[in-house]
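First the structure, in the form of structure tokens, and then the observations on it.
Order of the sequence lines sets the chain letters (A, B, ...), proteins ahead of strands, with each chain counted from 1.
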Amino acid sequence: SAVISQKPSRDICQRGTSLTIQCQVDSQVTMMFWYRQQPGQSLTLIATANQGSEATYESGFVIDKFPISRPNLTFSTLTVSNLSPEDSSIYLCSVGQGPPSPYEQYFGPGTRLTVT
Amino acid sequence: AQTVTQSQPEMSVQEAETVTLSCTYDTSESNYYLFWYKQPPSRQMILVIRQEAYKQQNATENRFSVNFQKAAKSFSLKISDSQLGDTAMYFCAFMKQTSGTYKYIFGTGTRLKVLA
């Protein structure tokens with residue numbers, strides 16, 4: 001399985017600012033995903049990061065609030081913009097190989113964001 | 001729309017005993033994948049086991065096995081010889097294919113505590 005790192009591992013930000021989270025994989029992967037996990041809750045998919053094109057966002061998530069970049073097959077960033085306390089969550093990057101494949105996803109260690 | 005339900009928010013088991021975590025899902029698709037993930041307190045999501053819907057044989061990975069009942073849309077996880085390191089949140093996930101890509105839908109999770 002791929003080795004995935006995320007930076008930063010945690011951060012405390014003031015409301016109104018932005019935080020950019022980096023996700024780095026040690027091998028080329030087809031699929032990269034960004035999730036949000038609110039405290040004690042399940043994982044919610046924010047978007048699929050597409051290499052060389054705009055990300056595909058899930059219902060309830062918009063590009064202005066969560067801009068995503070994916071310049072190559074090993075790296076992606078998620079920015080959480082105009083922060084509010086409701087954005088306090090863990091943000092997880094995951095990777096997988098596209099079809100046909102076992103469709104397994106492997107997750108990074110997560111970034112814990114606290115907005116004050 | 002696909003949904004994934006984990007009806008047991010919390011469970012506990014004595015070390016060396018066996019425990020079963022339940023998961024049900026709703027879908028009209030015939031070909032899909034199901035997964036169990038483990039999230040220890042360190043929060044790193046770890047793939048435990050995978051089941052392809054077209055396979056009748058239940059998947060097994062060492063002490064972990066599933067009971068896949070396709071007609072009943074049930075996908076339970078059995079942990080045998082429970083160990084203290086099995087203490088974690090366990091998430092059931094359904095893989096949905098969409099327009100040449102795929103995404104996961106996660107259940108709400110079951111918090112498992114293994115008691116010494």
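Aromatic ring centroids of A:Phe107 and B:Tyr37 lie under 6.0 Å apart.
The part of A:Leu45 that comes within reach of chain B is its side chain, from C-beta onward, which places non-hydrogen atoms under 4.5 angstrom from that chain. Both the backbone and the side chain of B:Met45 have a heavy atom closer than 4.5 Å to some heavy atom of chain A. For A:Gln41, the part sitting under 4.5 Å from any heavy atom of chain B is the backbone (N, CA, C, O) and nothing else. Looking at A:Ile90, the atoms closer than 4.5 Å to chain B (heavy atoms on both sides) all sit in the side chain, from C-beta outward. For B:Gln39, the part lying under 4.5 angstrom from a heavy atom of chain A is the side chain only.
Criterion: ILVMFWY side-chain heavy atoms under 4.5 Å apart, direct or through other members. Under it, A:Val29 and B:Met95 are part of a common hydrophobic cluster.
Among the candidates B:Thr18, B:Leu112, B:Val48, B:Thr20, the single residue satisfying the side chain to side chain contact (heavy atoms under 4.5 Å, CB included) test with B:Ile79 is B:Leu112.
Looking at heavy atoms from C-beta onward, A:Phe75 lies out of side-chain contact with A:Arg70 at the 4.5 angstrom threshold.
Judged purely by distance below 3.5 Å, without hydrogens or angles, the side chains of A:Ser18 and A:Thr79 never pair a donor atom with an acceptor atom.
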